[in-house]
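Throughout, protein chains are lettered first and strands after them, A, B, ... in sequence-line order, and every chain is numbered starting at 1.
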Amino acid sequence: MAAMFEILAKAFVYGLEVYAGLGFVFALVFVWAGVQSLDSEAQGSGVGFRLLILPGVAAFWPMLLYRWKKHVTEPLVEHNPHRQLSQQ
Amino acid sequence: MSVQYAAISWNRQKKVYDITFLCLLVLYLGTFVGVGAWRNPRETAETLLIRALGTAAFLLLNVVLCIGPLARLDSRFLPLLYNRRHLGVTTFLLGVAHGGFALFQFHALGNVNPLVSLLISNPRYGSVADFPFQALGFFALIILFLMAATSHDFWLRNLSAPVWKRLHMMVYIAYGLLVMHITLGALQSEPSPILSGSLMLAVATVVSLHLAATFREKRIDCAKRKALDDGFVEICAIDRIPEKCATIVSLAGERVAVFRYDGKVSAISNVCQHQNGPLGEGRVIDGCVTCPWHGYQYRPESGAAPPPFKEKIPTFRVKVVGQAVLVHPLPNAPGTYVEPAALEPGKEHT
């Protein structure tokens, strides 16, 4: 039981480290070359903004990589009951 | 509101807020370490620092969690809400410093990966008395990291407000984990009545404030309103709405803010496009409805932010019959202009 738990713990930690490592590499590329094509409000933004979003990009890199590959140019518009009803 | 992201949008109020807060934080940390060293001379500086940072992070998290319901219960607390995200990010930074020092002191000096060591060095997960409480703090810290990393408006826009809000609601899971982290850890090694009493008081305060705010909002959401033949719903008498302010009602599955301003009445969705802030708790400033949370603005008659800003929210048809304010519950597309109802007693205006 203890051995099984150790394997699971190692798998979790090493998986997390690989995910974060890949995310960090992606984030370095994305904040300089990708963010402005995904969100028009990021065009012309400074170094401080790019550094601030870097940890989040490293955490959510699969979502951003998917949108970047799909050439999404503006964020999704949220939906709430009023917005949904107004479109009907 | 912005058309181009900035790292941090500081203004004078935010600077005063942050400087005051940082001074209080440094004072707390210094006092904690100083008093701790005086009362327990055998404690190492690292241990005192770990405890000071941990208690500061938990105390700050309690403050952050209380600000939301306090602001909903009493608008005088709204200025605290204005810059709450800086408190949240600081909570994470204090937490990560606490966790980092603890990880280094207790798990980094062996030949096992420190994080693996944290999870497996004490495998008694079935025991209450010896529960490996450090793992609870680690998972709470992961949640706090996700929240701090996504605190910039870029994330609000790119995750969308509802997803962003759901992600940030995970703070309650982190809070529960931290309460258990303290209960099972610090309280077991140091069963002090002051510590346990303080913890219970903090949890009771957070829970009771949230319950009070929820009950208050339930009253708005559960109020039954009957539609007239033309579909309009009577909201209230016009004198119930203060000038430049709104009354909030629940229509079409969401709250609607009905504003009275400059002899006119307009109705817009109560949900700010920025962080879903309660627009109806804001005021009309310079001809625009101003969100009480972060100052996002919308024209009351069109629900559109003034140029060059692009935010738009749904609008509603409104009329005043005699003294009664009536709103049609079918929302118009975001940004649709609706002629405001003019306030002329005894005459119907649509």
Side-chain angles (χ1 to χ4, degrees), chain A residues 1-17 19-20 23 27 30-31 34-36 38-61 63-64 67-68 72 74-88, chain B residues 2-8 89 112-120 123 125 135 142 145-165 167 251-256 268-271 273 276 303 310 312-316 329-336:
Chain A
M1 187 65 180
M4 184 65 181
F5 180 72
E6 190 173 329
I7 291 168
L8 285 174
K10 281 182 177 172
F12 173 73
V13 170
Y14 295 144
L16 195 66
E17 287 176 353
Y19 179 87
F30 178 81
V31 299
V35 65
Q36 57 271 33
L38 208 68
D39 185 341
S40 58
E41 291 190 14
Q43 286 169 7
S45 53
V47 177
F49 159 73
R50 289 164 198 259
L51 287 176
L52 268 188
I53 65 163
L54 196 139
V57 175
F60 290 94
W61 66 268
M63 177 194 84
L64 295 167
R67 287 200 198 164
W68 197 11
V72 175
E74 280 301 317
L76 298 167
V77 177
E78 64 158 299
H79 289 286
N80 63 32
H82 285 170
R83 287 181 185 275
Q84 282 166 345
L85 270 173
S86 71
Q87 302 302 328
Q88 289 172 6
Chain B
S2 67
V3 287
Q4 187 185 73
Y5 294 123
I8 302 170
V89 172
V112 180
N113 180 311
L115 290 177
V116 174
S117 169
L118 184 145
L119 293 175
I120 66 170
Y125 282 88
I142 289 178
F145 163 73
L146 291 175
M147 292 173 58
T150 57
S151 62
H152 195 278
D153 276 352
F154 168 81
W155 292 105
L156 193 60
R157 195 163 128 85
N158 280 274
L159 292 173
S160 82
V163 173
W164 186 90
K165 203 163 186 176
L167 175 71
L251 292 175
E254 189 57 83
R255 291 178 195 158
V256 176
I268 56 175
S269 182
N270 190 53
V271 186
Q273 194 177 331
N276 290 183
K310 299 169 189 165
K312 289 175 186 170
I313 53 170
T315 53
F316 294 81
L330 189 65
N332 298 304
T336 303

* Asked: Relative to chain A, which of B:Pro329, B:Ser269, B:Pro123 shows the most heavy atom pairs under 4.5 Å?
  ->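 Going by pairs under 4.5 Å, I would pick B:Ser269.
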* Asked: What option among B:Ala149, B:Ala252, B:Pro331 has the most heavy-atom pairs under 4.5 Å with chain A?
  -> B:Pro331
Heavy-atom contact with chain B under 4.5 Å, split by part of [X]:
X: A:Leu16; value: side chain
X: A:Leu64; value: side chain
X: A:Val57; value: both

Evaluate the side-chain proximity of [Y] to [X]: yes if any heavy-atom separation is below 4.5 Å, no if none is.
X: A:Phe60; Y: B:Thr150; result: yes
X: B:Val256; Y: A:His82; result: yes
X: A:Leu52; Y: B:Ile8; result: yes

* Spell out, as yes or no, whether a donor-acceptor pair under 3.5 Å connects the side chain of A:Arg83 to the backbone of B:Ala333. => no
Identify the two heavy atoms, one from [X] and one from [Y], that lie closest to each other, and give their separation to 0.1 Å.
X: B:Arg157; Y: A:Ser40; value: NH2-OG, 3.7 Å
X: B:Leu119; Y: A:Phe5; value: O-CE2, 3.2 Å
X: B:Asn158; Y: A:Asp39; value: ND2-OD2, 2.8 Å

Against chain A, label [X] side chain, backbone, both or neither, depending on which of its atoms sit under 4.5 Å from a heavy atom there.
X: B:Leu251; answer: backbone
X: B:Lys165; answer: neither
X: B:Leu156; answer: neither

* To do: With a 4.5 Å cut-off on heavy-atom pairs, point out which of A:Gly48, A:Gly44, A:Ala59 contacts chain B the most.
  => A:Gly44
* Going from CD1 on B:Ile120 to NZ on A:Lys10, what distance comes out if it is rounded to the nearest 0.5 angstrom? ->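 So the CD1 of B:Ile120 and the NZ of A:Lys10 are separated by 6.0 Å.
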* What is the ring orientation for A:Phe49 with B:Tyr5, classed by angle as parallel under 30°, tilted 30 to 60°, or perpendicular over 60°? ->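 It falls in the parallel class, under 30°.
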* **Residues B:Asn113 and A:Tyr14: side-chain donor-acceptor under 3.5 angstrom** =>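 A:Tyr14 and B:Asn113 do not have a side-chain donor-acceptor pair below 3.5 Å.
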